[in-house]
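One structure below.
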Amino acid sequence: MSHRSVTAAVATAGTALLAAAAPAAAALVLPDLSPDVAARAGLGDGSGFVRAAGLTLPALLLAVAPAAWLARRRSPRAVLVAGLCLLVAGLAGARYADSVPLVAAARGAQGVGAGLALPATLVLVWERGGRFLAALWAGALAAGLLVAMPLALLAAPSAGSGDWRSVLVPVPWPAALAAGAAVIVCLMGRGAEPFAAPRHAERAQLVLPAAPAAGLAFLAVVTARDWSPGARLVVACIALVALFGLALAAGRDATAGSPLGCAAVMVTTGLLVYPVAAPLAGLAQAAATGTDGAVPLLPFAAGGAAALAGALLTARLDGRAARAAVPAGHGLIVAAVAVALAVPAPGDPRLLAAVLVPLGLGAGLALAASLRDAGVGAALFGLGLCFPAVLTGQLLVLSLQAGRWYQAPPETAAQRLAVLTDGYRIWLVAAGVIAVLLALAARRRSGGGAAVPEPGAG
C-alpha cells in the first residue's frame, strides 16, 4: 500500500472518530445547573448560578452560523481546532469556577466551542465523502441529545456531598476524544479534495439563521429573569413560527434546500429529541426518589444506541428507501410521543425504553436520511436551525411546566411530580402535532436543492 493510501486511510479513520465524538461532546454540554442542585449545594446566589450555567445553549446558537460561514470561507480545520480548544478550556474552567462570572465565562466558552466545532466537523465529513460518515455524524448528534440530561443528573451530587461543579462537566472524555480525532485529521493533511469556494448565494444563506438565533438567544437570557411562564411561552411560539418559516423557505431554495428536506428534519431533531428526553429524565429521577434516587440510565443508552443504529442503517438504503425513511422516522417519533402520553409511571425503565428507543430510532433514521444527496450548504443551513429549535423546545416545555406549577403550587414531593408531569404531557400533545407538521414540511420541499451523488461530492 502506498504512503498516499495509508495517509488517506488514517485521515478517513480520524474523520470517522471525529464524526462520532464531536456532535456527542457538543450535546453533552447542554444541560445546565438546576435550582434543586443549587439549593443542595448551598450556593448563596443560587438563581445567579443557575442563569450563568444556562448560557451554554444561547452561546452555541450565536456561534453556529458564523462558524459555518468561516468553515466554508476559510479552513474548517482551523475553525475546528479553535472550537475544541474553547470547549476543553470551558470544561476545565468549570471545574474551578466558584463565582457567577466565572461560571458564566466557562459555560459561555463551552457553548462557543461547541458551536464552532459542529459546523467544522460537518464540513470535514462532507469533504471526506461517503454516506457512512454523514450517517455516523447524524447518529452521534441524535444520541448525544438523548443521553445528555441523564448523564448530567447522574453527575449531580446528593445533599451535603460531592461537588456541584460536576454537573457542568458530567462527562469530560468526549471532548478529549474529539480533540484527539481533530489532531489526527489536522496532522495527516487533507487527504481529500477541499470544496470550491462558496458562491455569494451560499454565503448569504449560511448567515441567514444568525439573526433569528441571536434574537432567540437574547430573549432566552432575558426571560430567565422574572418573566412569567405565559410571556416565555409567547416567545417560544414566535420562535417556533420563525423556524417553520425558515425550514419551508429552505425547501424552495436552490442552495439551502435538499431533496429530502434536511432543514425541516434538523428542526425536528432539535425540537423533539432533547426537549422530550431531558424533562423525561428529570421526571424519572423524581419518581425514583425514595428508592435509589438515581435516573435509570439504561433506557436512555438504549435510545442513543437506537439513534446511532437507525442513522447507520440509512447508509445501506437505496434512494427510494431513503425517501421513505424520512416520514418513517417522523412516524416513529409520533409513536414515541404517544407512548409517553400513555406511560403512567415515568420511573419504570421498561416504559422509558418503550418511549426512548422509537424516539432515538426515528430521529437517527430521519436525520441521516435527510442528509442523503444534500449539498454542504444545505447541511450547514439545517444545522443553523437545529439548536435554535432545541432552545425553542426547552422554552416550550419549561414554560408549560412552570405554568402548571403556578396554577396549583404543590406542597409535597408527590404533588410536585404530578404537576411537572401534567405540564410535560401538555408539551407531548404539542410535540406530536409539531412532528406531523414537520414531516409534511420535509415532504413539501418543492424540488429545492440540487441533488448530489454523495456527501462530499462538492
Please identify each residue that fulfils side-chain contact (heavy atoms from CB on, under 4.5 Å) with [X], with sequence neighbours left out.
X: L298; value: none
X: L55; value: A104, V221
X: A65; value: A210
X: A242; value: none

Report, one line per pair, each donor and acceptor closer than 3.5 Å where one atom sits in a side chain of residues 376-387; sequence neighbours left out.
none

key: Separation between CG of L240 and CG of L437, rounded to the nearest 0.5 Å   =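 Separation between the atoms: 9.0 Å.
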ask   = Can you tell me how far CG of L398 sits from CG of L233, rounded to the nearest 0.5 angstrom?
value =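 L233 atom CG to L398 atom CG measures 11.0 Å (nearest 0.5 Å).
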Contacts of type salt bridge (Lys or Arg N to Asp or Glu O under 4.0 Å), residue R416, not counting sequence neighbours =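 For R416, no residue satisfies salt bridge (Lys or Arg N to Asp or Glu O under 4.0 Å) once neighbours in sequence are set aside.
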request  = Kindly state each residue pair satisfying salt bridge (charged side-chain N to carboxylate O under 4.0 Å, His left out) with at least one member in residues 132-143, sequence neighbours excluded.
outcome  =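 Every candidate salt bridge (charged side-chain N to carboxylate O under 4.0 Å, His left out) pair involving residues 132-143 fails, so no pair, neighbours aside, qualifies.
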request  = Return each pair, listed once, that meets side-chain hydrogen bond (donor to acceptor under 3.5 Å, both in side chains) where at least one residue sits in residues 326-338; pairs must be two or more places apart or across chains.
outcome  =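 As it turns out, the side-chain hydrogen bond (donor to acceptor under 3.5 Å, both in side chains) pairs with a partner in residues 326-338, which skip direct neighbours, are T268-H330.
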request  = Using the side-chain hydrogen bond (donor to acceptor under 3.5 Å, both in side chains) rule, collect all pairs that involve residues 108-121, keeping only residues at least two apart or in two chains.
outcome  =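 Those involving residues 108-121 are R107-Q110.
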request  = With sequence neighbours excluded, tell me which residues meet side-chain hydrogen bond (donor to acceptor under 3.5 Å, both in side chains) with R232.
outcome  =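 So R232 forms no side-chain hydrogen bond (donor to acceptor under 3.5 Å, both in side chains) with any residue.
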request  = Answer whether the closest heavy-atom distance between the side chains of D422 and I426 falls below 4.5 Å.
outcome  =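 No, side chains not in contact.
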ask   = Can L30 and L60 be said to form a side-chain contact (heavy atoms from CB on, under 4.5 Å), step by step?
value = CA-CA 9 Å; L30 294 180; L60 195 157; 4.1 Å; yes
request  = State plainly whether the residues D348 and R350 are in salt-bridge range, i.e. N to O under 4.0 Å.
outcome  =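 Salt bridge flag = yes for R350 with D348.
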